[in-house]
*Asks:* 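Pasting a structure here, questions to come.
Position 1 is the first residue of the sequence; numbering continues from there.
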Amino acid sequence: MLNYLWAGMILIGILWGAFHGTLDQVTTGALNGAAEAVSLGITMLGIMTFWNGILQIGQTSGLVDWLAGKMEPVLDFLFPHLEKGHPARKHIAVNMIANMLGLGSAATPAGLRAMKALKKPGEDTASREMCTFLIINISSLQLIPVTIVAYRSQFGSSNPAAVTGPALAATIISTAAGVIFCKLMDRK
């Protein structure tokens, strides 16, 4: 469905440009947009490679395990029905740590592994823990919004890190709202 939507918007843009005699501007805009997308993609690839490397070093050195251990009280609060030795706990902790560092793309593999570990065999319905994890993951508390800072830097912002405070406030509010919602639903 989304493919049809994009194809329709592109077709409407081309027809609009042809009808109004600005097809050359549409073509120039498309080519410039493609060039900017490639440049941004290369920049983001470098940043994500760097942070994924840092995350891998943290996992190899045991830092991630140590941080995951320190997150046990948080995991106990968020997932009271998830037993201590459950394999999903480490994946959830890694996902939350990566999200706190603003590394949503680096958090994705751990999030997928956590969801797979949380899935009960033979069940097609999301469990309470899966729903809680999804909400916490979506709200994504970010201490350092690396991706947004990189985007702002790429596009010439004079102070790319200026968004850090507002991003922290917004993600604290969204995560708090998510936790409150999960706890209210857990009581039902």
*Asks:* Quick one: side chains of residues 85-93, donor-acceptor pairs under 3.5 Å with protein atoms, not counting sequence neighbours, listed by atom name and distance.
*Replies:*
{"unit_1": "His86", "atom_1": "ND1", "unit_2": "Ala88", "atom_2": "N", "d": "3.0"}
{"unit_1": "Arg89", "atom_1": "NE", "unit_2": "Glu72", "atom_2": "OE1", "d": "3.3"}
{"unit_1": "Arg89", "atom_1": "NH1", "unit_2": "Leu82", "atom_2": "O", "d": "3.0"}
{"unit_1": "Arg89", "atom_1": "NH2", "unit_2": "Glu72", "atom_2": "OE1", "d": "2.7"}
{"unit_1": "Arg89", "atom_1": "NH2", "unit_2": "Asp76", "atom_2": "OD1", "d": "2.5"}
{"unit_1": "Lys90", "atom_1": "NZ", "unit_2": "Asp65", "atom_2": "OD1", "d": "2.9"}

*Asks:* Residues in side-chain contact (heavy atoms from CB on, under 4.5 Å) with Ser153, at least two apart?
*Replies:*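 Checked Ser153 against side-chain contact (heavy atoms from CB on, under 4.5 Å); matches are Pro160.
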
*Asks:* State, to 0.1 Å, how close Asp124 and Lys119 come at their nearest heavy-atom pair, and which atoms those are.
*Replies:*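 Looking at all heavy atoms of both residues, the shortest contact is OD1-NZ, 4.5 Å.
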
*Asks:* List, one per line, each side-chain donor-acceptor pair under 3.5 Å for residues 165-176, sequence neighbours excluded.
*Replies:*
{"unit_1": "Thr171", "atom_1": "OG1", "unit_2": "Gln142", "atom_2": "N", "d": "3.1"}
{"unit_1": "Thr171", "atom_1": "OG1", "unit_2": "Ala167", "atom_2": "O", "d": "3.0"}
{"unit_1": "Thr171", "atom_1": "OG1", "unit_2": "Leu168", "atom_2": "O", "d": "3.2"}
{"unit_1": "Ser174", "atom_1": "OG", "unit_2": "Ser139", "atom_2": "O", "d": "3.1"}
{"unit_1": "Ser174", "atom_1": "OG", "unit_2": "Ala170", "atom_2": "O", "d": "3.4"}
{"unit_1": "Ser174", "atom_1": "OG", "unit_2": "Thr171", "atom_2": "O", "d": "3.1"}
{"unit_1": "Thr175", "atom_1": "OG1", "unit_2": "Ser139", "atom_2": "OG", "d": "3.2"}
{"unit_1": "Thr175", "atom_1": "OG1", "unit_2": "Leu141", "atom_2": "N", "d": "3.3"}
{"unit_1": "Thr175", "atom_1": "OG1", "unit_2": "Thr171", "atom_2": "O", "d": "2.8"}

*Asks:* Donor-acceptor pair, distance only, cut-off 3.5 Å: does the side chain of Asn99 make one with the backbone of Ser140?
*Replies:*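 Side chain of Asn99 to backbone of Ser140: no pair is present.
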
*Asks:* Where is the tightest heavy-atom contact between Ala110 and Val94, given as atom of each residue plus distance?
*Replies:*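 Closest approach of Ala110 to Val94: CB-CG1, 3.7 Å.
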
*Asks:* Checking Thr164 side chain against Ala161 main chain: does a donor-acceptor pair fall under 3.5 Å?
*Replies:*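 Confirmed, Thr164 side chain pairs with Ala161 backbone.
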
*Asks:* What's the shortest heavy-atom distance between Met96 and Ile136, and which atoms?
*Replies:*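 Reported closest heavy-atom pair: CE-CG2, 4.1 Å.
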
*Asks:* Hydrophobic clusters join Ile, Leu, Val, Met, Phe, Trp and Tyr when side-chain heavy atoms are under 4.5 Å apart, directly or via other members; which others share one with Ile12?
*Replies:*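 Listed partners: none, Ile12 stands alone.
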
*Asks:* For Val149 versus Val163, what's the shortest heavy-atom pair and its separation?
*Replies:*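 The pair with the smallest heavy-atom distance is CG2-CG1, 4.3 Å.
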
*Asks:* Considering residues at least two apart in sequence or located in another chain, which fulfil the side-chain contact (heavy atoms from CB on, under 4.5 Å) criterion with Lys70?
*Replies:*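 Only Trp66 meet the side-chain contact (heavy atoms from CB on, under 4.5 Å) criterion with Lys70.
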
*Asks:* Tell me which donor-acceptor pairs under 3.5 Å the side chains of residues 38-47 have, and how far apart each pair is, sequence neighbours excluded?
*Replies:*
{"unit_1": "Ser39", "atom_1": "OG", "unit_2": "Gln154", "atom_2": "NE2", "d": "2.9"}
{"unit_1": "Thr43", "atom_1": "OG1", "unit_2": "Ser39", "atom_2": "O", "d": "3.1"}
{"unit_1": "Thr43", "atom_1": "OG1", "unit_2": "Gln154", "atom_2": "OE1", "d": "2.6"}

*Asks:* How long is the span from the OG1 atom in Thr132 to the CG atom in Leu75, to the nearest 0.5 Å?
*Replies:*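 Nearest 0.5 Å value for the OG1-CG distance: 11.5 Å.
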
*Asks:* Tell me every residue that passes salt bridge (charged side-chain N to carboxylate O under 4.0 Å, His left out) with Asp186, counting only those two or more places apart in sequence or in another chain.
*Replies:*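 For Asp186, the residues satisfying salt bridge (charged side-chain N to carboxylate O under 4.0 Å, His left out) (neighbours in sequence not counted) are Arg128.
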
*Asks:* Quick one: side chains of residues 20-30, donor-acceptor pairs under 3.5 Å with protein atoms, not counting sequence neighbours, listed by atom name and distance.
*Replies:*
{"unit_1": "Thr27", "atom_1": "OG1", "unit_2": "Leu23", "atom_2": "O", "d": "3.0"}
{"unit_1": "Thr28", "atom_1": "OG1", "unit_2": "Asp24", "atom_2": "O", "d": "2.9"}

*Asks:* Between Ile144 and Tyr151, is there a shared hydrophobic cluster once you connect ILVMFWY residues whose side-chain heavy atoms come closer than 4.5 Å?
*Replies:*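 Yes, it is one cluster - the side chains of Ile144 and Tyr151 are joined through contacts under 4.5 Å.
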
*Asks:* With clusters defined by side-chain heavy atoms of hydrophobic residues (ILVMFWY) lying less than 4.5 Å apart, directly or transitively, does Phe77 cluster with Met100?
*Replies:*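 Yes, it is one cluster - the side chains of Met100 and Phe77 are joined through contacts under 4.5 Å.
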
*Asks:* Considering residues, nucleotides and ligands other than Lys116, do more than 12 of their heavy atoms fall under 6.0 Å from its NZ?
*Replies:*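 Count not over threshold, so no.
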
*Asks:* Are the side chain of Lys183 and the backbone N or O of Arg187 linked by a donor-acceptor pair below 3.5 Å?
*Replies:*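 Judged by distance alone, no pair lies under 3.5 Å.
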
*Asks:* What's in the same ILVMFWY side-chain cluster as Leu2, cut-off under 4.5 Å, chained through other members?
*Replies:*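 Reading the cluster by chain and number, Leu2 sits alongside Leu5, Trp6, Met9.
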
*Asks:* In the structure I gave you, are the side-chain heavy atoms of Met130 and Thr125 within less than 4.5 Å of one another anywhere?
*Replies:*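 Answer no - side chains too far apart.
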
*Asks:* Do Leu118 and Leu112 sit in one hydrophobic cluster, given that two such residues count as connected whenever their side-chain heavy atoms are within less than 4.5 Å of each other, even indirectly?
*Replies:*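 No, Leu118 does not connect to Leu112 through the hydrophobic network.
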
*Asks:* Go through the structure and list residues passing side-chain contact (heavy atoms from CB on, under 4.5 Å) with Leu134, not counting sequence neighbours.
*Replies:*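 In terms of side-chain contact (heavy atoms from CB on, under 4.5 Å), with neighbours along the sequence ignored, Leu134 is linked to Met115, Ile138.
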
*Asks:* To the nearest 0.5 Å, what is the distance between CG (Leu63) and CG (Leu67)?
*Replies:*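 So the gap between those two atoms works out to 4.5 Å.
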
*Asks:* Check which hydrophobic residues are tied to Trp16 through side-chain heavy-atom contacts below 4.5 Å, counting indirect links as well, and list them.
*Replies:*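 Traced through the cluster, Trp16 reaches no other member.
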
*Asks:* Under the 4.5 Å side-chain heavy-atom rule for ILVMFWY, direct or indirect, which residues accompany Met185?
*Replies:*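 Besides Met185, the hydrophobic cluster comprises Ile135, Phe181, listed by chain and residue number.
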
*Asks:* Minimum heavy-atom separation for Phe133 to Phe79, with atom names?
*Replies:*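 Scanning both residues, the minimum pair turns out to be N-CE2, 3.6 Å.
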
